[in-house]
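Written out below as structure tokens is the structure these notes cover.
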Amino acid sequence: MHKLATLDYIVFFVYFLIVAGYGIWIYNRKTGHDGTIEGDSKDYFLAEGSLTWWAIGSSLIASNISAEQFVAMSGSGFKMGLAIAAYEWMAAVTLVIVAVFFIPVYLKNRIFTMPQFLHQRYNGTVAMIMAVFWLLLYIIVNLTSILYLGAIAASTVSGLNLNFCMYGMAFFAIIITLGGMKVIGFTDVIQVFFLIMGGLATTYLAINLVSTHYGTTGVFNGLHLMYSQANDHFHMILHRDNPSYIDLPGMTVLLGGLWIVNLNYWGCNQYITQRALGADLPTARSGILFAAFLKLLMPVIVVLPGIAAYILYKQNVFGSGEFLQGGELNPDRAYPVLLNILPVGLKGLSFAALTAAVVASLAGKANSIATIFTLDIYKKAINPNASEKTLVTTGKIAVVVAMLLGVVIAPHLGIDKKGGFTYIQEYTGFVSPGIFAMFILGFFWKKATSSAALFATIGGFLMSVVLKFLPGYANLSWLAPFGFAVPVNGVYEIPFLDRMGFVFVFCILGMVIISLIEHARGVKTNGLEIDSSMFRPNKTFTAGAVLILGVVVALYSIFW
């Protein structure tokens, strides 16, 4: 039944009222109840000094988890199984690395935006090029995909019109975003609560459906049945003969490109790091560690339902057309199909969880767009003498404009045909190796020059394009014995993550060579202020980090 019952709507509106009411309360506290005190731009964009560790951690997860996880990652669970959880579990380890090595550099050098880092470390040209690029990427790729995929999922579950869902989510996100980062950060705590509770409820029902179908009851029996009925879906490292090897090429998830994806996303991404840049170091680290623990839980919410849906699909539990789109099997239908069989009330809670994930991501993305535009483009290139009030107003206008552009552009990009997760990874993957190379050498190697940074940005993108289309012009079968090429429709292609690894190495080598040549010619560079003592975490953080690493090692050992 593809619609919500009255009780479902009641549950959903209770969620809406709680989030909106709490957001208004936080905003009124910030503005002194009469709305006349706006605060400065750093308070608006970063909530400087006001976010607690649990708000930072919750906001990180709420901003990260969206329709591409709920819908596309569940679809990947349906298609390839637990292996897709590598993105989540490796992210937990990555967050520990970012907390120890990246965040101290940002905070020590008073860096609040990623273009500001590039300006401070390299020069204004590199910073402005990347500021414009990030704006385009965030609006055209990220904002549109979150908005459109979320609307498709919401429409599928509720039976409401697709455009109505898209406009409704955009409006909800604008209301939250206009309150600034403090409102976003604290309302994200509620969003994460609904996200996790609704997600776990869906997982519980999905696993219970499996056990019921086989004549037993209980979650543990269901998990045992899932493991026995779809054992091939419970391996973290895929073999070369697996059809999904092109997406997750074996040991690359542990030793190659997946590290670039995660370190670039969690450590060099305004959308993510912004949550921690307004806090002191201990608070920022604690918040990131909390997010890492939540990351360990995410595959339970977004991957296990996909595997359960796969088993039920193989057993013909669902109607023959439920998983079809255009006459072909579409794994991304797994999560919406599961939501449609939930009982009344619980379906409303799960619908609220899905909406919470989408709206929180939209709000976080819109705030980052506004921050980069206002502080790195408007203030530096358009109106250098702008007052704090003007900057905040400009940021609010940027939020509305960005969301309107997203609503207009999203339906015309074919996002639903590519698959959300693939869509985002495909387009960001062309530039992330070069960006990460530019950041990592900028952090820890004082000789890296601005020319080398431009080479990584432009040269990395060009090499990514070459490697993407090279299989159409050259036979790469000689790479197959090494696992770096896979036959796809008769053509040997380089897996996406391996391609990123090759480009990253190319960018690093190029940057080192160019920097050494320029250094020999007397070119000066702007090194960052770094003190080895700032990389030493406290005992509580260390204990939590060791626990996270231990859990990830155990998970890989069990499900290798």
Side-chain angles (χ1 to χ4, degrees), residues 42 45-46 98 101-138 260 263-274 276-277 368-369 371-382 384 428 430-464 500 503-531 534-535:
K42 287 187 175 64
F45 293 114
L46 298 164
V98 168
F101 296 106
F102 287 39
I103 293 299
V105 176
Y106 291 136
L107 296 181
K108 180 78 171 179
N109 292 273
R110 300 288 293 169
I111 292 168
F112 301 114
T113 71
M114 298 304 97
Q116 181 199 342
F117 161 77
L118 296 177
H119 187 278
Q120 195 167 318
R121 177 59 182 83
Y122 295 112
N123 61 30
T125 302
V126 175
M128 188 58 69
I129 288 173
M130 291 308 299
V132 172
F133 161 76
W134 270 313
L135 276 184
L136 293 174
L137 181 70
Y138 286 172
I260 299 168
L263 286 168
N264 178 70
Y265 180 84
W266 294 103
C268 313
N269 183 354
Q270 180 73 30
Y271 173 46
I272 295 300
T273 54
Q274 188 165 339
L277 295 184
S368 295
I369 290 168
T371 302
I372 290 177
F373 175 78
T374 305
L375 300 185
D376 296 299
I377 295 179
Y378 180 79
K379 187 177 181 180
K380 289 181 179 175
I382 300 174
T428 57
F430 278 94
V431 293
S432 41
I435 292 173
F436 182 54
M438 179 169 58
F439 268 75
I440 201 71
L441 288 186
F443 281 152
F444 304 114
W445 193 47
K446 292 186 177 182
K447 292 183 179 181
T449 65
S450 57
S451 298
L454 283 173
F455 165 81
T457 305
I458 299 170
F461 173 76
L462 292 176
M463 187 177 180
S464 294
M500 289 185 66
V503 174
F504 175 71
V505 172
F506 169 76
C507 290
I508 289 289
L509 291 175
M511 283 191 70
V512 168
I513 292 170
I514 292 170
S515 297
L516 289 176
I517 292 173
E518 291 196 314
H519 187 70
R521 294 175 178 172
V523 174
K524 302 296 183 182
T525 55
N526 306 313
L528 297 175
E529 186 179 347
I530 291 179
D531 175 5
M534 68 195 208
F535 299 121

Closest non-hydrogen contact found for H119 with G124 is CD2-CA, 3.2 Å
Could you tell me whether the side chain of Q116 and the main chain of R110 form a donor-acceptor pair under 3.5 Å? yes
Student check: side-chain heavy atoms of V503 and I260 closer than 4.5 Å: no
Can you say whether the rings of W134 and F439 are parallel (under 30°), tilted (30 to 60°) or perpendicular (over 60°)? perpendicular
Within this structure, what is the CG-CD1 distance for the pair L137 and I372, rounded to the nearest 0.5 Å? 9.5 Å
Is there a donor-acceptor contact under 3.5 Å from the side chain of N109 to the main chain of I111? no
Is there a side chain to side chain contact (heavy atoms under 4.5 Å, CB included) between N269 and N264? Walk through the geometry before answering. CA-CA 7 Å; N269 183 354; N264 178 70; 5.9 Å; no
Please check: side-chain N/O of Y106 versus main-chain N/O of G267, any donor-acceptor pairing under 3.5 Å? yes
Is there a donor-acceptor contact under 3.5 Å from the side chain of S515 to the main chain of T449? yes
Return the minimal non-hydrogen interatomic distance between C507 and G460, and the atom names on each side. SG-CA, 3.5 Å
Within the 4.5 Å heavy-atom criterion, are M130 and M438 side-chain neighbours or not? yes
When rounded to the nearest 0.5 angstrom, what is the spacing between CG in L462 and CZ in F455? 9.5 Å
So which atom in A448 and which in M511 form the shortest heavy-atom distance, rounded to 0.1 Å? CB-CE, 4.3 Å
Report yes if the side chains of V105 and L528 come closer than 4.5 Å at any heavy-atom pair, otherwise no. yes
State the OH-CZ distance between Y378 and F373, to the nearest 0.5 angstrom. 8.0 Å
In Å and rounded to the nearest 0.5 Å, what is the CD1 to CZ distance from I103 to F535? 11.5 Å
Report yes if the side chains of T457 and I435 come closer than 4.5 Å at any heavy-atom pair, otherwise no. no
Donor-acceptor under 3.5 Å (S450 side chain, Y122 main chain): no
With a 4.5 Å limit on heavy-atom distance, are the side chains of I129 and L454 in contact? yes
CG-CZ distance between L263 and F436, expressed to the nearest 0.5 angstrom: 4.0 Å
So, for G459 and F506, which heavy atoms are closest and what is the spacing to 0.1 Å? O-CE2, 3.8 Å
If you define the side chain from C-beta out and look only at heavy atoms, does anything of K379 sit under 4.5 Å from P384? no
Please tell me if the side chains of F102 and C268 come closer than 4.5 Å, counting only heavy atoms from C-beta onward. yes
Under 3.5 Å, is there a donor-acceptor pair between the side chain of T525 and the main chain of K446? yes
F117-F443 aromatic ring centre distance below 6.0 Å: yes
Taking all non-hydrogen atoms of both residues, which atom of M128 and which atom of D376 are closest, and how far apart? CE-O, 3.5 Å
Should W445 and V512 count as side-chain neighbours, where that means a heavy-atom distance under 4.5 Å? yes
Shortest non-hydrogen contact from S368 to Y138? CB-CE1, 4.3 Å
Which distance, rounded to the nearest 0.5 Å, do you find between the CZ of R521 and the CG of L516? 12.0 Å
Does the pair I530 and M534 meet the rule for a side chain to side chain contact (heavy atoms under 4.5 Å, CB included), with working shown? CA-CA 8 Å; I530 291 179; M534 68 195 208; 4.0 Å; yes
